[in-house]
Amino acid sequence: MEIHVSTINLIKTADRTLLAEHRVRFVSFMALGKQEHHLGYIVHGGPRIFYCHVYQSDSSCADMARAIQNACNARYQLLLAKQEEMKRNQKPESTGILSFWKRLK
């Protein structure tokens, strides 16, 4: 498994074949098992479609869970920054009901 800021790549260990790629922005839930040998996450796949992925490891999955959590946090920070940028670029009177009534006068 390779975890990046925008994607989670599932890679076959033997020949490095890409089995699946999931966008971090569509991860809706993640959990670590009681014994930390299991990791699961749910990805939104479309209207009313969700995919559940569960992994089992001989060692702890805590590092993978932390990496996915960090990727989700980084993605969230990018979203907040983008929203702030959009607010700064937006003209204050160009939206909302108040601007509608001002244009009618």
Side-chain angles (χ1 to χ4, degrees):
M1 181 184 295
E2 290 181 354
I3 303 162
H4 305 282
V5 174
S6 60
T7 60
I8 300 170
N9 297 330
L10 306 179
I11 298 173
K12 192 175 184 179
T13 309
D15 59 359
R16 305 279 304 152
T17 304
L18 181 65
L19 300 173
E21 180 178 74
H22 304 117
R23 305 269 316 194
V24 170
R25 67 185 279 186
F26 296 125
V27 173
S28 59
F29 182 79
M30 180 188 67
L32 194 58
K34 290 180 183 179
Q35 302 297 322
E36 293 188 358
H37 294 285
H38 294 93
L39 170 70
Y41 65 92
I42 297 174
V43 180
H44 184 250
R48 299 173 60 169
I49 299 171
F50 293 89
Y51 300 103
C52 179
H53 301 278
V54 180
Y55 303 96
Q56 180 179 346
S57 175
D58 293 335
S59 60
S60 175
C61 292
D63 289 336
M64 283 193 292
R66 219 172 284 113
I68 293 172
Q69 180 182 12
N70 290 340
C72 289
N73 288 338
R75 184 73 188 164
Y76 181 67
Q77 293 302 320
L78 288 172
L79 173 69
L80 290 178
K82 184 73 169 176
Q83 286 179 343
E84 285 298 317
E85 180 183 331
M86 289 174 61
K87 284 181 184 178
R88 282 193 302 269
N89 294 336
Q90 187 178 30
K91 294 180 183 176
E93 293 187 16
S94 65
T95 62
I97 192 74
L98 249 148
S99 67
F100 174 74
W101 288 112
K102 286 181 182 177
R103 283 182 279 174
L104 287 178
K105 290 182 180 181

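Scope of the values below: all heavy atoms of this structure, side chains included, with no hydrogens, waters or symmetry mates. For reference, positions follow the sequence shown, starting with 1.
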Point to revise | Same cluster (ILVMFWY, side-chain, under 4.5 Å), Ile3 and Leu19 | key: yes
Point to revise | Transitive ILVMFWY side-chain link Phe26 to Tyr55, under 4.5 Å | key: yes
Exercise for review: Sort out for me which residue in Asn9, Asp15, Thr13 forms a side-chain contact (heavy atoms from CB on, under 4.5 Å) with Ile11.
Suggested key: Asn9
Review point. Of the options Lys82, Glu84, Gln83, which is the one that meets Leu80 in a side-chain contact (heavy atoms from CB on, under 4.5 Å)?
Key: Gln83
Point to revise | Whether His53 side chain and Gly40 backbone form a donor-acceptor pair below 3.5 Å | key: no
Distance (rounded to the nearest 0.5 Å) between [X] [atom1] and [Y] [atom2]:
X	Y	atom1	atom2	answer
His37	Asp58	NE2	CG	8.0 Å
Leu10	Glu21	CG	CD	9.5 Å
Arg66	Leu32	CZ	CG	9.0 Å
Leu78	Arg25	CG	CZ	11.5 Å
Tyr41	Gln69	OH	CD	15.5 Å

Review point. Which atom names give the shortest non-hydrogen contact between Leu39 and Cys61, and what distance separates them?
Key: CB-CB, 3.8 Å
Check your understanding: Do you know which two heavy atoms are closest between Glu36 and Ala62, and how far apart they sit?
Key -> OE1-CB, 3.8 Å
**Study point:** Ring centres under 6.0 angstrom apart (Tyr51, His22)
**Key:** no
Indicate yes or no: at least one non-hydrogen side-chain atom of [X] is less than 4.5 angstrom from one of [Y].
X	Y	result
Val43	Ile8	no
Ser6	Val24	no
Met30	Met64	no

Review point. Given a cutoff of under 4.5 Å between side-chain heavy atoms of I, L, V, M, F, W and Y, with clusters grown through shared members, what are the other residues clustered with Ile42?
Key: Phe29, Phe50
